[in-house]
Amino acid sequence: MPKKTNNQKNHAHRLGAYGESLVKSILLVHADFVTETCFGHPSDLFVEFGNNSLFRVQVKTRTITNGTWTFPFENHRNKSDAHRSYQNDILAFVFMPHKKVMFKPNDSTQKYFKFNEKHITENMEIDSLRETLAALSNVPEISEL
């Protein structure tokens with residue numbers, strides 16, 4: 001596998017940081033609390049919807065390639081003991097350049113998720129957030145800002 005250049009690494013880091021910020025800002029509108037985790041933590045965000053409904057969120061940000069977005073779970077995460085045994089509750093997929101987010105419960109063993117333009121909808125953030133929270137065992141209520 002070819003090594004990434006410094007420019008490619010910088011772009012990937014900036015893209016990931018942007019995706020995490022976008023997800024955090026969306027969640028701040030609907031949740032009681034949202035906070036970032038420390039560097040290297042298996043989760044990117046913690047979100048609380050009240051009534052002790054604390055969830056761990058992993059954010060994946062990708063740009064469209066050949067008409068699709070593919071969100072893999074990287075091999076380096078499987079090699080780390082801390083990452084391998086850690087279970088995030090919510091997956092947040094950020095679709096660039098549309099700047100749209102889809103939430104999914106982390107309740108499957110899929111190694112990657114693939115989407116195309118038909119998956120991008122006007123209200124996908126709030127619709128997928130509601131569906132995700134309904135799928136989790138502790139269903140909180142969303143309160144608007």
Side-chain angles (χ1 to χ4, degrees), residues 4 6-78 80-145:
K4 288 184 177 180
N6 283 341
N7 282 345
Q8 289 170 320
K9 288 178 186 177
N10 184 41
H11 177 75
H13 177 74
R14 288 176 48 220
L15 188 66
Y18 177 80
E20 290 172 19
S21 295
L22 181 62
V23 171
K24 182 179 179 184
S25 67
I26 290 168
L27 289 173
L28 280 168
V29 174
H30 304 289
D32 292 339
F33 301 99
V34 181
T35 189
E36 299 165 8
T37 63
C38 62
F39 180 77
H41 192 279
S43 292
D44 297 310
L45 303 168
F46 294 127
V47 60
E48 184 174 340
F49 290 94
N51 301 327
N52 295 318
S53 301
L54 182 66
F55 298 102
R56 299 160 294 191
V57 181
Q58 186 176 44
V59 179
K60 296 288 187 181
T61 306
R62 295 291 183 269
T63 56
I64 192 168
T65 305
N66 298 325
T68 63
W69 291 270
T70 302
F71 297 89
F73 291 90
E74 293 89 356
N75 290 335
H76 75 273
R77 292 191 184 271
N78 296 332
S80 163
D81 287 340
H83 284 79
R84 186 177 330 123
S85 61
Y86 196 86
Q87 180 70 26
N88 287 290
D89 306 302
I90 298 172
L91 303 174
F93 301 120
V94 180
F95 297 80
M96 294 299 288
H98 294 302
K99 302 177 185 174
K100 300 288 276 181
V101 177
M102 177 187 290
F103 296 96
K104 285 203 162 294
N106 187 18
D107 59 1
S108 76
T109 57
Q110 278 185 249
K111 296 294 182 198
Y112 69 92
F113 292 82
K114 201 169 193 173
F115 303 97
N116 58 38
E117 290 280 347
K118 74 176 183 182
H119 293 100
I120 306 294
T121 63
E122 185 177 337
N123 297 318
M124 68 187 284
E125 288 89 359
I126 189 64
D127 292 343
S128 65
L129 181 58
R130 283 192 172 113
E131 290 170 11
T132 296
L133 295 176
L136 298 171
S137 60
N138 186 6
V139 182
E141 287 187 28
I142 295 175
S143 59
E144 295 296 328
L145 185 61

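All values below were derived from every heavy atom in this structure, side-chain atoms included, with hydrogens, water molecules and symmetry-related copies excluded.
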Quiz item: salt bridge (charged side-chain N to carboxylate O under 4.0 Å, His left out): which pairs involve residues 114-123, sequence neighbours left out?
Solution: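 The answer is none; no pair qualifies.
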So, for [X] and [Y], which heavy atoms are closest and what is the spacing to 0.1 Å?
{"X": "Pro105", "Y": "Leu136", "answer": "CB-CD2, 4.0 Å"}
{"X": "Phe95", "Y": "Met124", "answer": "CE1-CE, 3.6 Å"}
{"X": "Val57", "Y": "Ala92", "answer": "CG1-CB, 4.1 Å"}
{"X": "Gln8", "Y": "Lys4", "answer": "OE1-CA, 3.3 Å"}
{"X": "Phe49", "Y": "Leu129", "answer": "CZ-CD1, 4.2 Å"}
{"X": "Ser43", "Y": "Arg56", "answer": "OG-CB, 3.2 Å"}

Exercise. Determine, step by step, whether Gln87 and Asn106 satisfy the side-chain contact (heavy atoms from CB on, under 4.5 Å) criterion, reporting the C-alpha distance in whole Å, the side-chain angles of both residues, the deciding distance to 0.1 Å, and the verdict.
Key: CA-CA 8 Å; Gln87 180 70 26; Asn106 187 18; 3.2 Å; yes
Quiz item: Looking at Asn88, Asp44, Ile90, which one forms a side-chain contact (heavy atoms from CB on, under 4.5 Å) with Val59?
Solution: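 Result for side-chain contact (heavy atoms from CB on, under 4.5 Å) with Val59: Asp44.
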Measure the [atom1]-[atom2] distance between [X] and [Y] for me, rounded to the nearest 0.5 Å.
{"X": "Ser128", "Y": "Ile126", "atom1": "OG", "atom2": "CD1", "answer": "8.0 Å"}
{"X": "Phe71", "Y": "Lys104", "atom1": "CZ", "atom2": "NZ", "answer": "11.0 Å"}
{"X": "Gln58", "Y": "Thr37", "atom1": "CD", "atom2": "OG1", "answer": "10.0 Å"}

Exercise. Run through Trp69, Phe93, Phe115 and flag the one making a ring pair (Phe, Tyr, Trp, His ring centres under 6.0 Å) with His98.
Key: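 Filter result, single survivor: Trp69.
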Quiz item: Between His119 and Phe113, does the ring centre distance come in under 6.0 Å?
Solution: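 So the answer is no for these two rings.
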Quiz prompt | Asp107: partners by side-chain hydrogen bond (donor to acceptor under 3.5 Å, both in side chains), with sequence neighbours left out | solution =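 Testing Asp107 for side-chain hydrogen bond (donor to acceptor under 3.5 Å, both in side chains), a comparison that skips the adjacent residues, returns none.
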Exercise. Just jot down the salt bridge (Lys or Arg N to Asp or Glu O under 4.0 Å) partners of Glu36, sequence neighbours excluded, or say none.
Key: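 Listed in chain order: Lys24.
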Exercise. Sequence neighbours left out, what passes salt bridge (Lys or Arg N to Asp or Glu O under 4.0 Å) with Glu125? Give chain and number order.
Key: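 Result, salt bridge (Lys or Arg N to Asp or Glu O under 4.0 Å) vs Glu125: Lys100.
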Quiz prompt | From CA spacing to verdict: side-chain contact (heavy atoms from CB on, under 4.5 Å), Val23, Val94 | solution = CA-CA 8 Å; Val23 171; Val94 180; 3.6 Å; yes
If you look only at distance, which donor and acceptor atoms sit under 3.5 Å apart when one is on a side chain in residues 14-22 and the other is two or more places apart or in another chain?
from  : atom 1 : to    : atom 2 : distance (Å)
Ser21 : OG     : Ala17 : O      : 3.1

Exercise. Decide yes or no for Leu133 and Phe55: does some side-chain heavy atom of the first lie under 4.5 Å from some side-chain heavy atom of the second?
Key: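 Leu133 reaches Phe55 side chain to side chain.
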Quiz item: Is any side-chain heavy atom of Pro72 less than 4.5 Å from a side-chain heavy atom of Arg62?
Solution: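 Yes, their side chains come closer than 4.5 Å.
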Quiz prompt | Residue list, side chain to side chain contact (heavy atoms under 4.5 Å, CB included) with Phe33, at least two apart or on another chain | solution =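 Expected list: Glu48.
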